[in-house]
Structures are given as C-alpha cells and as structure tokens.
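Everything on this sheet refers to the single structure shown next.
Chain letters run A, B, ... following the sequence lines, proteins first and then strands; every chain starts at 1. No hydrogens, no waters, no symmetry mates; every other heavy atom, side chains included, goes into these values.
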Protein chains: 2
Amino acid sequence: MEDIKKESKREVTIMDVAEKSGVSIATVSRVLNRTGRYSDETSRKVLAVAREIGYTPNYMAKSLKRKKTEQIALAVADIGNPVYVAMAKAVQQVVKEHGYRLVLLSTEALASEEYGIIKSLSKQYVDGLIISPLLYSDEHRELIKQAARPVVVITGSESDPDIDSVLVDSSQGVRLAMEHLLGQGRSRIAFLNGRPDTVPGVARLNGYYASLIEHGLPRDDSLVFASDFTLAGGYQVAEEILSRAKPDAIMCANDLMALGVMRYLREQRLRVPEDIAVVGMDDIEHGASSFPSLTTVSLLAAERGRMAAELLLSRLTSDEIQKPKQLQVVPRLIVRESSVVVKG
Amino acid sequence: MEDIKKESKREVTIMDVAEKSGVSIATVSRVLNRTGRYSDETSRKVLAVAREIGYTPNYMAKSLKRKKTEQIALAVADIGNPVYVAMAKAVQQVVKEHGYRLVLLSTEALASEEYGIIKSLSKQYVDGLIISPLLYSDEHRELIKQAARPVVVITGSESDPDIDSVLVDSSQGVRLAMEHLLGQGRSRIAFLNGRPDTVPGVARLNGYYASLIEHGLPRDDSLVFASDFTLAGGYQVAEEILSRAKPDAIMCANDLMALGVMRYLREQRLRVPEDIAVVGMDDIEHGASSFPSLTTVSLLAAERGRMAAELLLSRLTSDEIQKPKQLQVVPRLIVRESSVVVKG
DNA sequence: GTATTTTGCGTAAAGGTTTACGCAGATCCT
DNA sequence: AGGATCTGCGTAAACCTTTACGCAAAATAC
C-alpha cells in the first residue's frame, strides 16, 4: 500500500493559449477582456483555443495586477438572525446587478473578528465592505477611517460624520411600539433587551426609558430584562420575566426573542394578547406567520441593505472623492394579533 | 467646484518594511511568516517597523505564489432557508478551528450560478468548495470531477462514487413520517412537494409514493401538490390543497412550507392536528416553537455540514490521494404537536 | 590550528496577469 | 507620391509575494 502523492497538474495559463494560437499573451489578454485592439480573425482563433484547452483566468494574478476583485463583503453579527438574511439578500441583489459577487461573513458578534476583517480588508479578497457591527466602538471607527477600501456601516442612529453610514433610530422604533401598547391600555410593560452592551441594545433600552418619561410613567428597573437576541434566549428568560415582573405586556428588543417568549407563554397556557401582549422588532418573516402573529416594528432591513450596497458601489465605481454620506430610514410600526385584543 | 481625483495612496509593501529596517525582503518575509532562519534581533526590528508603518500583507500576491487562500466556500441554494443557515454555522465552526475562513455563496437555486462557481473554482479565491446543489445533473458531476480544487457535495441518497459526498436519504425520511401519520389513523394524506425538478423534490415525492405502496394504499395524484420550498409558497398553495384534496393530513416536503400551510389553516379556523395533521421536514428551529409545534423529520443538516467540512479539510491538508468517500446520515422522526391529537 | 557544520541573510526567479509603449504595415489625405 | 493616421500586435515592466540557492561569518569539532 503505497502513498501516491498528488500530481500537481499545471494549470493552463494565458501563455498556453498564446502559444497554441500563435499570438502573444498581450493579444490573448486583450481578446479575453475585450479591451484594446485586435482583429476579428485573431479573436476567433484565441477564443477557440481558450475553450479547447479549457482556459480559465487566474483571479489571483488578475486582481494582483488590477487591484480589483469584483467582490464585496457583508459582515453581520449572526447569520442565524433572519433580519440579517433579509439584509444580505437585498445586498446580494444589488451587487449582482453590478457584476459583483457577495461574500457573506458571520462574525458571531465578536469584536475581534470585526477588527480583523476591517484591518486586513486593505488587501483581502474584496473591494469593499458593508458591516453591521453589534458593537461600534471608537476602535471600530478608527479602523474604518483608516481602512484602505471603502466601508459602509449599517448601524443605529448615530455614526461618525466621516464614515459612510446607513442609519435607523431603533430607539424611536421602541417608542412607537410603546405608544401602541399604552394605547391598548397596557400599563405594566416589561422590556426584554438583547445584549445591553451592543448598539441596538443601548438604543432600544433608551427608547423604552424615553417612552416612559414621555408618558409620565415611573421608571421601574425590575421590569427590565436582558437576553441575547436569539429565540432560545427569549424562551429561557421568559419564566423570569413572568415571575418577577408580572407584566401585562412584554416589549421585546427583537422578533426572535419575542417568538421565544410567546412560545413559553403558550406552554404556560397564557393567552397572547388577552393575558399578555407581546411586541417585537425587526419584522422578520416568521413573525407574520406565527400564532398569534407578532406585532412588530420594521427597521427596513432589506431597504437598508439595498441603500448600503448602492452607496458602496458608488464609492467603488466613481473615482471622485465625495463627502461621506449618512443615510437614514425611519422605523414603522406593524400591528398584528399579538398586541390587540379583539372583542368577540 | 472641481472634481478631486482620488489620490491612490500606494499600499505599504514588504519592500517598505525591508528598506526601513535595513534588511532584505526575504528576511522580512521569513520573520513575518515565522519560517526559515533569522535572528531574534532582526525579528524584533522587523516586527517593530511593520507595526509602525502599518504593514499588512497583500493576500493576492501571497496566494498567487502560495496557491492557497485559506478560504473555503459553501454554496447553498437559498440562504433564506434556515436549514442552510444551520449547515453554514456548522461548517463555519469546523473551518474556523482549522484556521480557514468561510465564504458563503447563495446561488438562488440557479444551476448556471452553480456551474460558474465550480468551473472557475480552479482559480477563484478559495481552496475548496462544499456545495449543496438543488439540482444535480450530469453536468454538475462532470464539472465537479474536473474541478481543480477539492469539492464536497451535500446531496440526497445517491451521488457519483468518484465524488466526495455527504448523503441523506430524504425519501426514507418521508417514509418515516408517513408511517407515523398512518399510525395516527390518518388515511387521506396530501403531499406538498417543493420544486419537483430538484434532488430533494424527486426524492421526497418518491418516498411518498413508496410509502403508499408499502401500506397497500392507492396512488392518487390528485393528492399531490408542488410549491417552492418557501414559507410564502406553502401558504399560497394551501388553499388549493384544502379545496381540491380535502385531506386529513398534509405531508410537506420541508418545514418552511409546513409553517406556511399551518398559517393558512389557522386563518381558516381549522385546528391542527385535530382537523388536519401537518408534518414537515428539516427540523428548523422555528418548527419547535411554532404553534402548534411542528412534527418533522430531521435530516441532520448541522451534522452533515460538519462532516462535509471535515472531509474537505482533510482533502486540503493531506497530500496523499485518497479514494472519494461517501458519508451517510440517517433521518430521524421528531414527533411534536402538529400530528398527534391529545385526548383531553 | 584547520576542517566542518550551522547560522543569518541576500539575490533572483517564479507565480499569471494587465497594460504602457513602440513598431511595422496598411490606409487615408492632399 | 509623400506624409500623416490608423490598425494589429509584440516586448517588457509591474503588481507583491514566497522560496530555492548560495555565500560569508560564526560556531563547533577534532
């Protein structure tokens, strides 16, 4: 039983095509890229030979020379969250229309991962980056400003004026939802936050507090809970919310946690919305088809993805320097069954 | 108002580091890659300079020379399907442990996309590919065999013996579920397929038919429907299923469609499982927390992802040629509320 | 003390492209 | 017919690394 070493079959290069068709590599390159001048006859010959011997360009070499990869990256915290999937799909569509490819990176909410991506971005396999960081520290901002490729940030309501950003005020979104709940006669509204050290975590909690103040309600920290933005996380913390806060409504910082909470409530034979109203945020597809369907606040993830992609592409294709842009989108309340008692 | 052209600030290269630290580029490269021989003193100096002037390697040049990118790709049909997300997460974890990065590609179920990826794979920005094709034609197989980088296919129950594959017999999975439904006393079981021209579409429909034969039931094509494996698709076709087939159970080819169907049933005030039982397939997280929770068949997506990743990495790291492997996983029935009537 | 090995580092080639430049021949103008 | 312009193509440099090879100096051996 002998070990057979891999024979490293040499790749077929542009030189092979050139030789076999009796022209120079420059000509082959011109034909293949439809650039410069060449006759119809040589074009036909070169293309025929290329197909015959199965030539495909080496993108490493190509982009080393061109300083372009025709790829862009989207870095999100957790691809398990449908809201990022929706964002990714929107980005994908836009970049594809422009002949770019999308590379999806999931950072698992690790700042170190994010730093690494931004830092080595300069010479990575992408021409630009869209990043939606869960955390958005000074270090992020510093790295992004120094990054050697265009970066667009999708984040909360405030960014750095020197950084291209697509913003949404999710604190405002929470206020919309709170207003709705209060309007439905709920008075003891618990708040289930995600990780409180993250951008959305901070913003949404602020929205909750701001809303209480607006309505002259007392701030009661025993009504505030935190989990991790996942369905399982919402499910786990639900018991504690019920036993400790005894609320008549639960405002959740995102839809996944809201669905987790509703699952627990159902298991406890509690009726939503009759016993407890539940509201989420993000407007993921599953919220529309859950039972009861979930009242939520849309932060227009797809729209923001589209805007970010278009902004990034405009940076890549134009070679004039333009002032950094700050685009904004406004949250929208979507009322469904989980928060409105229908009188039979 | 004048157009300011981007000044293309020259990247800092290994030559800059070499010059500033008074050594040759070879030495810098050795220090940076911890390879070959160099003294402690030069190491310190080089590293200091590199950090000072902010050097980061150009991966294009590096991989052109090394013929390695330290990246692998996972191509799936639809990243909007949570089952692929679960798969991706498992792959991500494995490759990360080995110092590789995962690039996620969503083909939107287009065979042409898949062909393109496999073809140009040889000189793309990845060292290997894991692909879970919705369609799996002869052309796929041919291209995969000729691909210049290792490819692992995640697909149904049969592949090519010359291709590294991770398999699961989803037809068997459907039979498990059917057996369960029949055991619950259901007799008029409709089948909601996904796209029937796909690998899973064919397999699952076959499983349905096989199951009927096993139990001596007549084949009734008016009970068979097709959609597109999405939640919205399941929702849309549900009305037709009800009006045309009048079933007492609906076997869905995947969980997303099952959730869509359940949503429609609820809107129609039909009780699941009392009026109609519903079973899905894939075991996505949302199925466990839907109401009622969804009986399903797990095809062990995460496990298959893990296996595929490990297989691919073993191909990449060992340089002995080994016979292609066919790994298999067996489906598992998961009974939940949507198919079992509890007597109160 | 010389002979051998080890150490540290530099030179230069290679990896596969794209592209600026230049040259010869064909075409056009007057 | 002589000059200018256009056309098609080749030569060679550049993109930034890694690495085989070789050489001088230092360390070790006897």
| remark: Residues passing the salt bridge (Lys or Arg N to Asp or Glu O under 4.0 Å) test with B:R306, sequence neighbours excluded, are B:E303, B:E310
| said: Checking B:K67 now: which residues fulfil side chain to side chain donor-acceptor pair (under 3.5 Å) with it, not counting sequence neighbours? | reply: none
| query | Starting at NZ of A:K68 and ending at P of D:dA14, how long is that distance when rounded to a whole Å? | reply | 23 Å
| request: Check the distance between D:dT18's P and B:M15's CE and give it to me in whole angstrom. | output: 12 Å
| Rounded distance (Å) that lies between atom P of C:dG16 and atom CG of A:N33 | 17 Å
| request: May I ask you to evaluate whether B:S29 reaches the phosphate of D:dT18, defined as a side-chain N or O under 4.0 Å from OP1 or OP2? | output: yes
| query | Who passes salt bridge (Lys or Arg N to Asp or Glu O under 4.0 Å) against A:D127, sequence neighbours left out? | reply | none
| All side chain to side chain donor-acceptor pair (under 3.5 Å) counterparts of B:D40, not counting sequence neighbours | none
| request: Can you pull out how bent the helix from C:dG1-D:dC30 to C:dT30-D:dA1 is, comparing the axes over its first five and last five pairs, to 10°? | output: 30°
| Between P of C:dG16 and NZ of B:K65, the distance in whole Å | 9 Å
| task | In whole angstrom, give the distance that lies between atom NZ of A:K62 and atom C1' of D:dT17. | result | 21 Å
| Residues which pass salt bridge (Lys or Arg N to Asp or Glu O under 4.0 Å) with B:E108, listed by chain and number, not counting sequence neighbours | none
| task | Please list, chain by chain and in numerical order, all residues satisfying side chain to side chain donor-acceptor pair (under 3.5 Å) with A:S63, sequence neighbours excluded. | result | B:Y125
| A:I25 CD1 to C:dG15 P, straight-line distance once rounded to whole Å | 13 Å
| query | So do the side chains of B:R101 and A:L105 get within less than 4.5 Å of each other, counting heavy atoms only? | reply | yes
| task | Would you please test A:R149 and B:E11 for salt bridge (Lys or Arg N to Asp or Glu O under 4.0 Å) and show each step? | result | CA-CA 11 Å; A:R149 301 267 179 285; B:E11 302 289 349; 3.6 Å; yes
| message | So, using salt bridge (Lys or Arg N to Asp or Glu O under 4.0 Å) as the criterion, who are the partners of A:K62 when residues are at least two apart? | response | none
| said: Quick check: on DNA chain C, is the nucleotide nearest B:G22 upstream (toward 5') of the one nearest B:L64, or the reverse? Name the residue that is more 5'. | reply: B:G22
| Rounding to a whole Å, what distance do you find between B:R34:CZ and D:dT17:P? | 17 Å
| field | Integer-rounded Å distance: C:dG15 C1' and B:Y59 OH | value | 19 Å
Close N or O pairs between protein and nucleotides 4-9 of chain D (under 3.5 Å):
unit_1, atom_1, unit_2, atom_2, d
D:dG8, N7, A:R37, NE, 3.4
D:dC9, OP1, A:T42, OG1, 3.4
D:dC9, OP2, A:S39, N, 2.9
D:dC9, OP2, A:T42, OG1, 2.9

